[in-house]
Amino acid sequence: MAASALRVKDPRRAGGAAQARLRILLGHLQGPATPAIAASPTLAAVVPSNFHPPKFQYTLDNNVLTLEQRQFYEDNGFLVIKNLVSDEDIQRFRNQFERICRKEVECPGIDIMKDVTIAKSTHSLNENIVTKIQNFQGDEELFRYCTLPQITKYVECFTGPNIMAMHTMLINKPPDSGKMTSRHPMHQDLHYFSFRPPNSIVCAWTAMEHIDRNNGCLVVLPGTHKGTLKPHDYPKWEGGVNKLFHGIQDYDANQPRVHLVMEKGDTVFFHPLLIHGSGSNKTKGFRKAISCHYASSDCFYTDVKGTSQENIEKEVQVLSDRKFEGLKIQLKDIWMIRARLVKGKRINL
Ligand SMILES: CCCCCC(=O)SCCNC(=O)CCNC(=O)[C@H](O)C(C)(C)COP(=O)(O)OP(=O)(O)OC[C@H]1O[C@@H](n2cnc3c(N)ncnc32)[C@H](O)[C@@H]1OP(=O)(O)O
Ligand SMILES: Nc1ncnc2c1ncn2[C@@H]1O[C@H](COP(=O)(O)OP(=O)(O)OP(=O)(O)O)[C@@H](O)[C@H]1O
Ligand SMILES: O=C(O)CCC(=O)C(=O)O
Ligand SMILES: [Fe+2]
Ligand SMILES: [Mg+2]
């Protein structure tokens with residue numbers, strides 16, 4: 001059976017023999033279960049002798065990625081494609097961002113965020129106050145980013161043909177005030193998500209200008225997509241931390257990091273378990289990037305009760321209580337509201 005057919009099923013819903021079979025096969029998709037199977041006479045009897053574990057777990061069969069690119073993503077959990085978005089498109093996104101910041105256009109459902117150091121200031125909004133806008137799925141001009149064919153062509157290698165846009169952001173990392181609040185702590189995006197499986201989710205993140213360590217590039221820990229979701233909470237930073245910027249609790253700052261230096265239009269695709277963050281912006285300019293988290297529409301929603309994600313659900317509920325006036329909604333409801341179809345059929349999400 002093709003891995004792509006399997007990975008969309010929720011193994012908990014399958015029963016009996018089918019469940020046993022799925023578990024065995026999913027074992028190959030999720031981790032090195034082979035030695036255990038070989039050691040067990042009962043399980044070994046179920047696995048045909050000509051069965052070869054799939055070589056690839058994190059990418060689907062496709063004719064877009066070269067073998068080398070595919071292997072790179074499998075090993076590292078990210079892949080940078082140079083020069084994927086045109087200057088013209090980036091200028092359009094930048095113009096629309098400025099119109100939204102200045103409140104010249106209405107954008108239903110959007111969240112506008114200021115840096116924690118100026119959160120209580122009463123400046124009227126403009127593009128030099130806003131640190132990011134989120135959930136622009138309702139804005140046709142910005143949503144164009146999510147539908148760019150040269151991006152969805154790559155996305156499909158991870159999600160398959162039924163593609164939902166789940167989360168969108170335009171990040172406008174401000175010059176750091178000196179308190180280091182422009183840093184984004186090391187985290188896994190899956191911490192925010194109540195849908196699975198992780199291998200059917202991918203983020204596309206496009207640099208809207210040259211980005212390096214000076215203006216706070218993305219920083220990744222290669223290979224960490226092979227691990228599990230870690231507990232997240234606010235880092236104990238002296239200068240303060242932005243709302244909802246949770247970081248990995250036991251993060252060891254001495255682990256080897258890779259700084260992704262990118263040119264305008266370059267796009268990185270990365271796995272939702274990949275540990276990443278971004279550094280402070282030491283320049284006077286606002287560092288801009290645009291991103292979308294995509295998921296296969298046959299992913300399924302999960303309840304985060306009793307998991308390490310309870311803390312994020314509680315916080316998001318407090319925020320949504322203010323917006324939706326006391327309606328106690330779950331994290332998965334919030335994602336359901338935000339989700340928008342990009343391509344193919346809407347199934348579960
Ligand atoms: C893929 C992974 C997910 C993404 C990962 C991330 O990016 S994590 C970050 C995800 N971020 C988000 O989802 C943020 C969504 N943003 C929002 O909901 C909003 O921007 C916000 C709640 C932060 C701010 O709300 P509003 O702008 O509507 O309201 P307002 O300006 O009145 O602020 C409301 C209260 O929040 C405080 N506040 C505002 N911005 C803040 C910030 N950056 N850090 C801390 N606190 C902040 C204000 O001081 C105020 O406190 P008082 O009430 O005390 O006066
Ligand atoms: N001491 C630290 N403790 C926890 N997280 C850190 C620490 N230093 C950096 N990080 C995290 O590592 C990532 C990358 O940081 P990086 O070192 O690149 O940036 P920076 O410290 O802002 O700038 P610089 O380039 O001067 O080191 C960010 O996500 C940041 O939050
Ligand atoms: O700094 C950035 O652009 C990346 C932020 C990020 O990783 C996130 O918001 O999840
Ligand atoms: Fe992130
Ligand atoms: Mg540093």
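Both ligands and their constituent atoms are indexed starting at 1 by order of listing. Side chains are part of it too, since the values below use all heavy atoms of this structure and drop only hydrogens, waters and symmetry mates.
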Practice problem: Quick one: list whatever passes side-chain contact (heavy atoms from CB on, under 4.5 Å) with Thr228, sequence neighbours left out. | Solution: Lys230
Practice problem: Using a 4.0 Å heavy-atom threshold (strictly under), name the region of Ala289 that reaches ligand 3: side chain, backbone, both or neither. | Solution: neither
Exercise. Determine, considering heavy atoms only, which of Gln255, Lys236, Met186 sits nearest to atom 13 (C) of ligand 2.
Key: Met186
Quiz prompt | ligand 2 versus Cys217: contacting region, heavy-atom distance under 4.0 Å | solution = neither
Quiz item: When you measure from atom 1 (N) of ligand 2 to each heavy atom in Gly216, Ala253, Ser280, which option holds the nearest one?
Solution: Ala253
Quiz prompt | Atoms of ligand 3 close to Lys132 [distance to a heavy atom under 4.0 angstrom, numbered from 1] | solution = 9 (O)
Practice problem: For residues 96-108, pull every pair meeting salt bridge (Lys or Arg N to Asp or Glu O under 4.0 Å), keeping only residues two or more places apart or in separate chains. | Solution: Glu98-Arg102, Arg102-Glu104, Arg102-Glu127
Quiz item: Among all protein non-hydrogen atoms, which one is nearest to atom 19 (O) of ligand 2, and what is the separation to 0.1 Å?
Solution: Gly279 CA, 3.3 Å
Quiz item: Is the Fe ion (ligand 4) less than 2.8 Å from an N/O/S atom of Cys203, whether that atom is in the backbone or a side chain?
Solution: no
Quiz item: At the 4.0 Å heavy-atom cut-off, does His276 count as touching ligand 2?
Solution: no
Quiz item: Aromatic rings His191 and His246: how do their planes relate, parallel, tilted or perpendicular, breaks at 30° and 60°?
Solution: tilted
Exercise. With heavy atoms under 4.0 Å as the rule, classify the contact between Trp237 and ligand 2 as side chain, backbone, both or neither.
Key: side chain
Quiz item: Can we say Lys243 and Glu315 salt-bridge, meaning some charged N sits less than 4.0 Å from an Asp/Glu carboxylate O?
Solution: yes
Quiz item: Where on Pro185 is there a heavy atom closer than 4.0 Å to ligand 2, on the side chain, on the backbone, on both, or on neither?
Solution: backbone
Practice problem: Under 4.0 Å, heavy atoms only, figure out whether ligand 3 is touched by the backbone of Gln134, its side chain, both or neither. | Solution: neither
Quiz item: Roughly, to 10 degrees, what angle do Asp189 atom OD1 and His187 atom NE2 form around the Fe ion (ligand 4)?
Solution: 90°
